Amino acid sequence: MTQPTRRLFGTDGIRGKANQAPMDAATALRLGQAAGQYFNRGTHRHRVVIGKDTRLSGYMLEPALTAGFVGAGMDAVLVGPMPTPAIALLTRSLRADLGVMVSASHNPFEDNGIKLFGPDGLKLSDAQEAEIEALMAGDLSAAQVAPARLGRASRLEDAPGRYIEAAKQSFPRRLTLEGLRIVVDCAHGAAYKVAPTVLWELGAEVVPIGVAPDGFNINQGVGSTAPGQLAGLVRERRADIGIALDGDADRLVLVDECGALIDGDQILALIAGSWQAEGRLRGGAVVATVMSNMGLERHLKGLGLGLLRTAVGDRYVGERMRDTGCNLGGEQSGHVIMADFATTGDGLIAALQVLSVLVQEGKPASEVCRRFTPLPQRLVNVRFAGASPLKDDAVQREIAAFEERLGERGRILIRASGTEPLIRVMAEAEDEALVTETVEALAATIRARIAA
């Protein structure tokens with residue numbers, strides 16, 4: 001049977017400009033009704049956990065979703081600003097039928113998004129999202145329960161404490177962060193309270209930034225997509241390492257004591273090597289996306305490990321991990337999934353895994369966190385409106401020509417973003433000049449076809 005198509009859901013839930021469809025109260029209400037109907041199975045009292053980041057529009061979307069779920073007969077447990085991985089954890093911990101995170105991750109405050117988790121704490125599959133979309137497009141009167149069956153809404157006051165303890169449990173008990181000075185950038189986002197608390201309670205001297213959200217400043221000049229301020233403060237305060245989370249804290253990047261960036265590929269390499277040495281790595285491989293550097297692949301091969309690539313999106317990484325029995329996977333952008341601790345990317349817990357190696361090796365982060373030399377890689381984003389220019393014949397001919405030119409020496413990856421109206425043009429090869437030429441030429445061709 002043919003599955004319904006997805007139009008609202010992208011690679012990471014529904015996302016858009018706040019107070020405009022599909023990221024408006026009306027759509028959120030219908031989503032709550034449809035998802036409530038979809039997960040309202042059995043005679044037990046149904047429950048949904050709803051969290052959010054610190055965007056102003058969360059005050060609009062959270063009550064709209066709550067109304068939809070309550071009207072569909074679900075009890076709504078509201079936890080306020082919490083990291084995305086905390087929502088996945090709480091969904092399982094509270095035996096909820098569904099978890100919802102209101103966040104647009106690393107996007108600016110004007111955007112927002114909605115991610116859904118099943119009762120197992122896993123992001124929904126494409127097929128499940130398509131079925132919910134089909135319900136939203138139809139008559140939702142069946143989702144509206146009788147007055148006596150309406151749900152209730154309540155707040156879970158100890159939600160932060162539950163996540164803090166879970167994060168601390170992922171750090172080896174025999175170790176402590178005492179003696180380490182750590183700058184942590186919370187992007188004025190969902191982890192602005194919990195991340196500094198976890199690091200401090202584990203013994204570190206903590207220098208926090210990005211911990212004063214006002215509804216407008218999330219990801220603004222801070223966080224994993226803008227680590228410049230973090231790098232400068234690490235050098236100024238002579239810190240041992242810097243940690244930069246994004247708006248919903250499901251991914252991170254690091255900077256070493258010199259302020260140099262450490263991306264998700266290096267983090268995966270470090271954790272993989274550590275876990276393999278301890279006999280904890282399962283599946284004989286690490287799962288990553290098509291964006292991960294070929295240098296990571298070569299490094300893992302040297303350790304006797306494979307690299308399994310998926311489409312971009314930590315949801316696809318998680319699915320491949322479950323299919324192959326791997327317990328480590330992630331993205332170059334900083335999503336790191338550690339199946340032993342979490343069902344989705346968790347920036348804070350990934351940072352703790354890195355810190356445990358830093359403590360045990362007793363060396364500077366610049367030595368510990370540089371596991372391989374990446375091949376030159378360049379990524380350019382080309383914004384567009386309307387139909388994707390990737391189907392244009394001239395664009396396809398140009399791509400084919402450069403692929404032939406690169407041959408075995410490198411690769412090209414050109415794709416439409418699943419969260420923004422962007423074409424992402426990436427090239428990678430041992431010859432940096434060729435990489436630059438390839439990306440600039442392809443981006444210019446795409447821009448020309450958009451203008452035409």
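Keep in mind the model is a prediction, meaning the values are calculated, not measured.
No more than 12 heavy-atom neighbours from other residues, nucleotides or ligands sit within 6.0 angstrom of CZ on Arg237. The number of heavy atoms from other shown groups lying within 6.0 Å of CZ (Arg30) is above 12. Within a 6.0 Å radius of CD in Gln220, no more than 12 heavy atoms belonging to other residues, nucleotides or ligands are found.
At distances below 3.5 Å, at least one donor-acceptor pair connects side-chain atoms of Asp185 with backbone N or O atoms of Gly223. Judged by distance alone, the side chain of Ser93 and the main-chain N or O of Leu89 form no donor-acceptor pair under 3.5 Å. One N or O on the side chain of Asp24 and one on the backbone of Thr27 form a donor-acceptor pair closer than 3.5 Å. For Arg15 (side chain) and Met23 (main-chain N/O), no donor-acceptor pair under 3.5 Å exists by modelled atom type. The backbone N or O of Gly247 lies less than 3.5 Å from a partner atom in the side chain of Asn219, making a donor-acceptor pair. In terms of modelled atom types and a separation under 3.5 Å, the side chain of Asn217 and the main chain of Ala212 share a donor-acceptor contact. Checked by atom type and distance alone, the side chain of Asp75 pairs as donor or acceptor with a backbone atom of Arg152 at under 3.5 Å. Remark: the backbone N or O of Gln128 is paired with a side-chain donor or acceptor of Ser125 at under 3.5 angstrom. Listed for the Glu129 side chain is no donor-acceptor partner under 3.5 Å among the backbone atoms of Ile14. With hydrogens and angles disregarded, no donor-acceptor distance shorter than 3.5 Å links the side chain of Thr310 to the backbone of Val287.
For Asn293 and Gln332, the side-chain atoms include no donor-acceptor pair closer than 3.5 Å. Looking only at atom types and distance, the side chain of Ser292 has no donor-acceptor partner in the side chain of Arg309 under 3.5 Å away.
Exactly one of His44, Arg41, Arg45 qualifies for a side-chain hydrogen bond (donor to acceptor under 3.5 Å, both in side chains) with Asp97. That residue is His44. With Arg315 as the partner, the salt bridge (charged side-chain N to carboxylate O under 4.0 Å, His left out) test is satisfied by one option alone out of Asp126, Asp12, Asp250: Asp126. A side-chain contact (heavy atoms from CB on, under 4.5 Å) with Ile182 holds for exactly one of Val207, Val234, Leu355; it is Leu355.
Note on Arg155 versus Glu62: salt bridge recorded, some NZ/NE/NH1/NH2 to OD/OE distance being below 4.0 Å. A salt bridge links Glu201 to Lys168: at least one charged side-chain nitrogen sits closer than 4.0 Å to a carboxylate oxygen.
Arg320 places none of its side-chain heavy atoms less than 4.5 Å from the side chain of Cys326. Contact of the Asp248 side chain with the Asp246 side chain is registered, since non-hydrogen atoms from C-beta on lie closer than 4.5 Å. Two residues are said to be in side-chain contact when any heavy atoms from C-beta on lie closer than 4.5 Å; Val317 and Met321 meet this criterion. The shortest distance between side-chain heavy atoms of Phe9 and Leu116 falls below 4.5 Å. Between Leu31 and Leu8 the shortest side-chain heavy-atom distance does not fall below 4.5 Å. Looking only at side-chain heavy atoms (C-beta outward), Val439 and Leu379 stay at 4.5 Å or farther from each other. Between Ile446 and Phe384, the closest side-chain pair of non-hydrogen atoms is not below 4.5 Å. No side-chain heavy atom of Phe402 sits less than 4.5 Å from a side-chain heavy atom of Thr445.
Taking CD1 from Ile50 and CG from Leu156, the interatomic distance works out to 12.5 Å, rounded to the nearest 0.5 Å. Remark: Ser417 OG to Arg383 CZ distance equals 9.0 Å, nearest 0.5 Å. Residue Ile337 holds its CD1 atom at 8.0 Å from CZ of Arg322, rounded to the nearest 0.5 Å. Note that the CG atom of Leu328 and the OG atom of Ser274 stand 10.0 Å from one another [nearest 0.5 Å]. The structure places CG of Leu177 at 12.0 Å from CD of Glu205, a figure rounded to the nearest 0.5 Å. The distance from atom CD of Gln37 to atom CD of Gln33, rounded to the nearest 0.5 Å, is 9.0 Å.
Taking every heavy atom of both residues into account, Ile132 and Ala35 meet most closely at CG2-N, 4.2 Å. Between Leu300 and Gly306, the closest heavy-atom pair is CD1-O, 3.9 Å. Between Ser57 and Asp111, the shortest heavy-atom distance links the atoms OG-O, 4.4 Å. Shown here for Ala28 and Ala64, the closest heavy-atom pair between the two residues is CB-CB, 3.8 Å. Nearest heavy-atom pair, Ala187 versus Val222, reported as atom, atom and distance to 0.1 Å: CA-CG2, 3.6 Å. Considering every non-hydrogen atom in both Gly71 and Leu150, the closest pair reads CA-CD2, 3.8 Å.
Within the cation-pi definition used here (under 6.0 Å to the ring centroid, within 45° of the axis), Lys123 does not qualify as a partner of Tyr316.
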- prompt: Do Leu199 and Leu352 pass the side-chain contact (heavy atoms from CB on, under 4.5 Å) test, and can you show the C-alpha distance, the side-chain angles, and the key distance before you say yes or no?
  reply: CA-CA 8 Å; Leu199 296 170; Leu352 292 177; 4.0 Å; yes
- prompt: Checking side-chain contact (heavy atoms from CB on, under 4.5 Å) for the pair Arg251/Glu331: CA distance, chi angles, key distance, verdict?
  reply: CA-CA 9 Å; Arg251 72 180 190 180; Glu331 297 189 280; 5.9 Å; no
- prompt: Step by step, would you call Arg162 with Val79 a side-chain contact (heavy atoms from CB on, under 4.5 Å)?
  reply: CA-CA 11 Å; Arg162 288 181 180 229; Val79 300; over 6 Å; no
- prompt: Going through the distances and angles, do Ile349 and Met338 end up as a side-chain contact (heavy atoms from CB on, under 4.5 Å)?
  reply: CA-CA 9 Å; Ile349 290 181; Met338 301 148 292; 3.7 Å; yes
